[in-house]
Amino acid sequence: QVQLVESGGGLVQPGGSLRLSCAASGSIFSINAMGWYRQAPGKQRELVATITLGGRTNYADSVKGRFTISRDNAKNTVYLQMNSLKPEDTAVYYCNANLRTPFRQEVDAWGQGTQVTVSS
């Protein structure tokens, strides 16, 4: 089975920074892409940023210029550097991976989520 474990969430003041990490482990043959999603209270889960194995990135307009996604392919780990945080960034952040199992089946895996709270 595949497991994604997020870390790095917490409480930060507006304008501050936080760095999230997500490590994938288990029955993984290859990872096509990894990304971050977030869900605020009363809202739908939304895409924050994604990155492919080859390094192609995509960001939500609301975080462009403030967030940076990166990855360490050797460690099956993805990071999200969040700068200039705003109260609107408060949400549970979920790690996602699109991968292939040793049986070559393509699946989406999700982490349990990590809380990010931006407040003074």
Side-chain angles (χ1 to χ4, degrees):
Q1 195 57 269
V2 178
Q3 184 177 26
L4 303 182
V5 179
E6 303 105 331
S7 63
L11 175 64
V12 64
Q13 293 184 332
S17 297
L18 217 54
R19 188 171 188 254
L20 307 182
S21 64
C22 171
S25 62
S27 301
I28 301 170
F29 178 77
S30 63
I31 298 179
N32 300 317
M34 299 185 76
W36 292 94
Y37 293 71
R38 67 186 182 187
Q39 187 168 24
K43 295 186 177 182
Q44 298 272 36
R45 186 174 299 186
E46 64 177 351
L47 183 148
V48 177
T50 60
I51 186 168
T52 67
L53 181 64
R56 187 177 76 252
T57 60
N58 180 255
Y59 296 92
D61 288 340
S62 60
V63 306
K64 285 182 178 178
R66 300 188 298 121
F67 291 10
T68 302
I69 189 170
S70 61
R71 80 277 185 268
D72 185 336
N73 292 334
K75 297 181 179 180
N76 287 338
T77 300
V78 65
Y79 307 92
L80 185 67
Q81 179 66 47
M82 304 184 293
N83 299 326
S84 302
L85 283 162
K86 305 175 181 179
E88 307 92 88
D89 296 317
T90 296
V92 177
Y93 284 70
Y94 296 91
C95 178
N96 168 263
N98 178 260
L99 55 86
R100 288 192 177 274
T101 70
F103 297 101
R104 307 299 194 272
Q105 182 180 18
E106 184 176 333
V107 300
D108 283 332
W110 292 89
Q112 294 297 306
T114 184
Q115 177 70 48
V116 172
T117 302
V118 184
S119 176
S120 60

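- Looking at residues two or more places apart in sequence or on another chain, you find no side-chain hydrogen bond (donor to acceptor under 3.5 Å, both in side chains) involving Gln3.
- Pairs of residues two or more places apart, or lying in two chains, never qualify as disulfide bond (SG atoms under 2.5 Å apart) while including a residue from residues 59-89.
- Contacts of Thr77 classified as side-chain hydrogen bond (donor to acceptor under 3.5 Å, both in side chains), with partners at least two apart in sequence or in another chain: none.
- Applying the ring pair (Phe, Tyr, Trp, His ring centres under 6.0 Å) rule to pairs touching residues 76-118 yields Tyr37-Trp110, sequence neighbours excluded.
- Partners of Lys64 by side-chain hydrogen bond (donor to acceptor under 3.5 Å, both in side chains), not counting sequence neighbours, listed by chain and number: Asp61.
- Residue Val5 belongs to no hydrophobic cluster, having no ILVMFWY side-chain heavy atom closer than 4.5 Å to its own.
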Table please: side-chain donor-acceptor pairs of residues 40-49 below 3.5 Å, with sequence neighbours left out.
from: Glu46; atom 1: OE2; to: Arg38; atom 2: NE; distance (Å): 2.8
from: Glu46; atom 1: OE2; to: Arg38; atom 2: NH2; distance (Å): 3.4

Under the side-chain contact (heavy atoms from CB on, under 4.5 Å) criterion, do Phe67 and Leu85 qualify, and how do the steps go?
-> CA-CA 9 Å; Phe67 291 10; Leu85 283 162; 3.8 Å; yes
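- Listed by chain and residue number, nothing satisfies the side-chain hydrogen bond (donor to acceptor under 3.5 Å, both in side chains) test with Gln112 (two or more places apart in sequence, or in another chain).
- The side chain to side chain contact (heavy atoms under 4.5 Å, CB included) search around Val107 returns Leu99, Thr101, Gln105, not counting sequence neighbours.
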Which donor-acceptor pairs under 3.5 Å do side chains of residues 18-33 form with protein atoms, sequence neighbours excluded?
from: Ser21; atom 1: OG; to: Ser7; atom 2: OG; distance (Å): 2.7
from: Ser27; atom 1: OG; to: Gln1; atom 2: N; distance (Å): 3.2
from: Asn32; atom 1: ND2; to: Asn98; atom 2: OD1; distance (Å): 2.8

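- Evaluation of the disulfide bond (SG atoms under 2.5 Å apart) test over residues 30-90, restricted to residues two or more places apart or in two chains, returns none.
- Under the side chain to side chain contact (heavy atoms under 4.5 Å, CB included) criterion, Ser120 pairs with Pro14, not counting sequence neighbours.
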